[in-house]
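First listed ligand is number 1; within each ligand, the first listed atom is number 1. Computed from heavy atoms alone, side chains included, the values below leave out hydrogens, waters and symmetry copies. Sequence positions, counted from 1, serve as the residue numbers for this chain. What you see is a predicted model, and the numbers here were worked out from it, not measured in a lab.
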Amino acid sequence: MSNHSDPQHNSDPQDVLKVTAAAKREHPDPAEAQHPLPSGLLLLFGVIVCFAGVYLGVYHGGFRGNIYNESESTPDLLSSKKLAAPGVSQVAAELTLVEQGKAVYANCQPCHQASGLGIAGQFPSLVAADWVTGSEKRLVAILLKGLVGPMKVGDTVYNGAMPAWEKALSEKKIAAVVSYVRASWGNAAPEISEAKVAAAKKEFASRVDPWTEADLLAIPANAVLEGAAAPAAPAAGATAAKSAGGSGAVDLDAGKAQYLVICVVCHQPTGLGLPPVFPPLVKSEYVTGNPERLIAIILNGVMGPIEVDGKPYNNLMPAQGAVLTDTKISQVASFVRSSFGEGASPIQPEQVAEARKKYGSRPAGWTEAELKAFPQ
Ligand code: HEC
Ligand code: HEC
């Protein structure tokens, strides 16, 4: 009764342990099932994605193609985080036109030299040269189209050729390099904004030949380029230089907008008028001449026979004094003078205020005889 030997029930407990230990060592049979990612890994990925998102959010730079272009970009563009108080720091962080121009001058250096002094007899000096520090319009014209033939620089006549840069350099780079040469080596002329270069490029778009000295001298020395107050352009230097010049900047873009609303109906977009009904503003002494007279015309209108550019008119121009403020009149008059009047000087709101005091109460428009009585 004691010695049963049933293999089923007589197993040694040690054997059982051995078997289960072996079973425990085995990996379970592979089976089709979905196991969740380990949570630690998930957390790590989550952190990486968040970091990447934030990084891109801060440094996307507006996804601009030129963001790493040293002359077209600024640290401010790269980071949407404002570095400090906006305004102050933004101007400080941005390279001025003059600073950018130094790099662009590498194009000019082979001929005009690092000193700006050129090479006597071959390449003229840019130092204390009228062409550089004088008329901004002539200077930009030279850069855009190049130069040929004899030209007097200082007391020396050069007879060479200077390449055109319109195709090789962007408007911004041309603005930068002319601003740089105007502010270097003792030159101290105000900088020229990108908007002005753009305006000149448009104006001279149809010209293919390089300039000769005579062509350049035909551009009035005091011609101002449009875009003086374009919001894209101003850098601290330009504004400072302008106010130092005594006359505030008149917003020619605003003047153009007034012109296109008010005057355009009669004087046309081209300023050529519609002879024999509406006189032209182009080639008109009333536009280029005495500023006070032009203001008076806009304030009170014109009536009766009047000769403009050799043709007679006999019609009526309505007074605009009641409709337009002093500032608006100064803007539209400045625009008309700069665009149709061979770049005659801008007109300030103070000049309009003064004229309004004198003529504001005049009941009727001006006659030709009265206009002729203004000093030229
Ligand atoms: C290949 C040589 C060459 C290069 C490069 C060159 N210039 Fe000139 N530049 C000349 C010559 C030659 C003249 C005189 C042309 C003439 O005699 O008609 C001149 C004339 C000028 C003048 C008018 C005269 C004066 O000295 O004031 C200006 C301004 C000027 N260059 C600016 C520049 C600027 C800015 C650059 C660079 C973007 C440049 N030039 C690049 C050869 C060059
Ligand atoms: C309703 C049509 C009309 C409008 C609008 C008008 N003008 Fe005139 N303008 C005339 C006419 C017509 C004359 C000539 C009057 C005459 O025959 O006596 C004239 C004359 C002039 C003259 C002098 C002659 C000349 O051609 O140089 C100037 C300058 C002038 N206008 C500027 C302006 C300006 C700037 C504006 C916009 C602020 C303006 N005008 C708006 C019709 C208009």
Side-chain angles (χ1 to χ4, degrees), residues 101 104-112 116-119 122-134 138-143 146-154 156-165 168-169 173-174 176-178 180-182 210-213 216 255 258-267 271-289 293-299 301-309 311-320 323-324 328-329 331-333 335-337 340-341 365-368 371:
V104 185
Y105 187 74
N107 293 289
C108 327
Q109 198 160 317
C111 301
H112 295 286
L117 290 171
I119 295 177
Q122 259 184 300
F123 304 116
S125 169
L126 302 177
V127 182
D130 264 359
W131 297 110
V132 174
T133 53
R138 288 179 188 167
L139 177 60
V140 174
I142 291 175
L143 268 284
L147 268 176
V148 283
M151 101 179 290
K152 200 166 166 203
V153 184
T156 321
V157 175
Y158 289 82
N159 191 354
M162 143 129 172
W165 296 97
L169 298 177
K173 286 187 172 168
I174 291 182
V177 78
V178 291
Y180 172 72
V181 298
R182 275 159 79 88
W211 303 95
T212 62
E213 184 176 30
L216 283 172
Q258 323 286 357
Y259 183 85
L260 290 177
V261 172
I262 301 165
C263 327
V264 75
V265 205
C266 304
H267 296 289
L272 292 173
L274 280 177
V277 185
F278 299 117
L281 302 179
V282 177
K283 290 202 196 149
S284 161
E285 63 190 289
Y286 296 109
V287 172
T288 52
R293 181 170 61 188
L294 176 59
I295 299 168
I297 289 175
I298 300 174
L299 280 173
V302 186
M303 59 186 195
I306 184 171
E307 192 178 300
V308 184
D309 191 24
K311 292 203 189 80
Y313 296 82
N314 189 353
N315 197 343
L316 188 108
M317 159 152 164
Q320 308 291 334
V323 201
L324 296 175
K328 287 188 171 171
I329 291 181
Q331 290 166 343
V332 74
F335 167 75
V336 163
R337 277 161 74 89
F340 308 130
W366 300 93
T367 63
E368 181 175 35
L371 291 175

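Proximity to Met303 (heavy-atom distance under 4.0 Å) selects the following atoms of ligand 2: 18 (O). Taking every heavy atom of Leu316 and a limit of under 4.0 angstrom, the matching atoms of ligand 2 come to 12 (C). Taking every heavy atom of Gly304 and a limit of under 4.0 angstrom, the matching atoms of ligand 2 come to 16 (C), 17 (O), 18 (O). Close approach to Leu294 involves these atoms of ligand 2, each under 4.0 Å from a residue heavy atom: 29 (C). If you number the atoms of ligand 2 from 1 as listed, the ones under 4.0 Å from a heavy atom of Ile306 come out as 16 (C), 17 (O), 18 (O). Within ligand 2, counting atoms from 1 as listed, the ones closer than 4.0 Å to a heavy atom of Asn314 are 17 (O). Set against the non-hydrogen atoms of Pro318, the atoms of ligand 2 under 4.0 Å away are 1 (C), 3 (C). Ligand 2 places these atoms under 4.0 Å from at least one heavy atom of Ser284: 25 (C), 27 (O).
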List of N/O pairs, ligand 1 versus protein, all under 3.5 Å?
| from | atom 1 | to | atom 2 | distance (Å) |
| --- | --- | --- | --- | --- |
| ligand 1 | 7 (N) | His112 | NE2 | 2.8 |
| ligand 1 | 9 (N) | His112 | NE2 | 2.9 |
| ligand 1 | 17 (O) | Gly149 | O | 3.2 |
| ligand 1 | 17 (O) | Tyr158 | O | 3.4 |
| ligand 1 | 17 (O) | Gly160 | N | 3.0 |
| ligand 1 | 18 (O) | Gly149 | O | 2.6 |
| ligand 1 | 18 (O) | Gly160 | O | 3.4 |
| ligand 1 | 26 (O) | Ser125 | O | 2.6 |
| ligand 1 | 31 (N) | His112 | NE2 | 2.9 |
| ligand 1 | 40 (N) | His112 | NE2 | 2.8 |

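Of all non-hydrogen atoms in Val104 and Ala176, the two that sit nearest each other are CG2-CB, 4.5 Å. Closest non-hydrogen pair, Met151 versus Glu213, comes out as CA-OE1, 3.5 Å. When all heavy atoms of Pro150 and Val157 are compared, the pair lying nearest together is CB-CG1, 4.1 Å. Taking all atoms of both residues into account, the shortest heavy-atom contact from Pro280 to Leu272 is CB-O, 3.4 Å. Heavy atoms only, all atoms of each residue included: Val148 and Pro210 are closest at CG1-CG, 4.0 Å. Nearest heavy-atom pair across Val132 and Arg182 is O-NH1, 3.0 Å.
Below 3.5 Å of separation, one finds no N or O of Tyr286 facing any N or O of ligand 2. For ligand 2, one of its N or O atoms has an N or O atom of Pro280 under 3.5 Å away. Every N/O-N/O distance between Val308 and ligand 2 stays at or above 3.5 Å.
Listed for the Arg138 side chain is no donor-acceptor partner under 3.5 Å among the backbone atoms of Asp130. Between the side chain of His267 and the backbone N or O of Phe278, no donor-acceptor pair lies under 3.5 Å. Counting only distance, with no hydrogens or angles, the side chain of Thr156 and the backbone of Lys152 share no donor-acceptor pair below 3.5 Å.
Taking the six-membered ring for Trp and thresholds of 30 and 60 degrees, Phe335 and Tyr259 have ring planes inclined between 30 and 60 degrees apart.
In this structure, CG in Leu143 is found 7.0 Å from SG in Cys108, a value given to the nearest 0.5 Å. Atom NE2 in His112 sits 11.5 Å away from atom CG in Leu117 (nearest 0.5 Å).
Contact annotation: for Val265 versus ligand 2, there are no heavy atoms closer than 4.0 Å.
For the pair Leu147 and Leu216, the minimum side-chain heavy-atom distance is below 4.5 Å. Using a 4.5 Å heavy-atom cutoff, the side chains of Val302 and Tyr313 are not in contact. Residues Leu371 and Tyr286 meet the side-chain proximity criterion, which asks for heavy atoms closer than 4.5 Å.
Protein N/O/S atoms found under 2.8 Å from atom 8 (Fe) of ligand 2, listed by chain and residue number: His267 NE2, Met317 SD.
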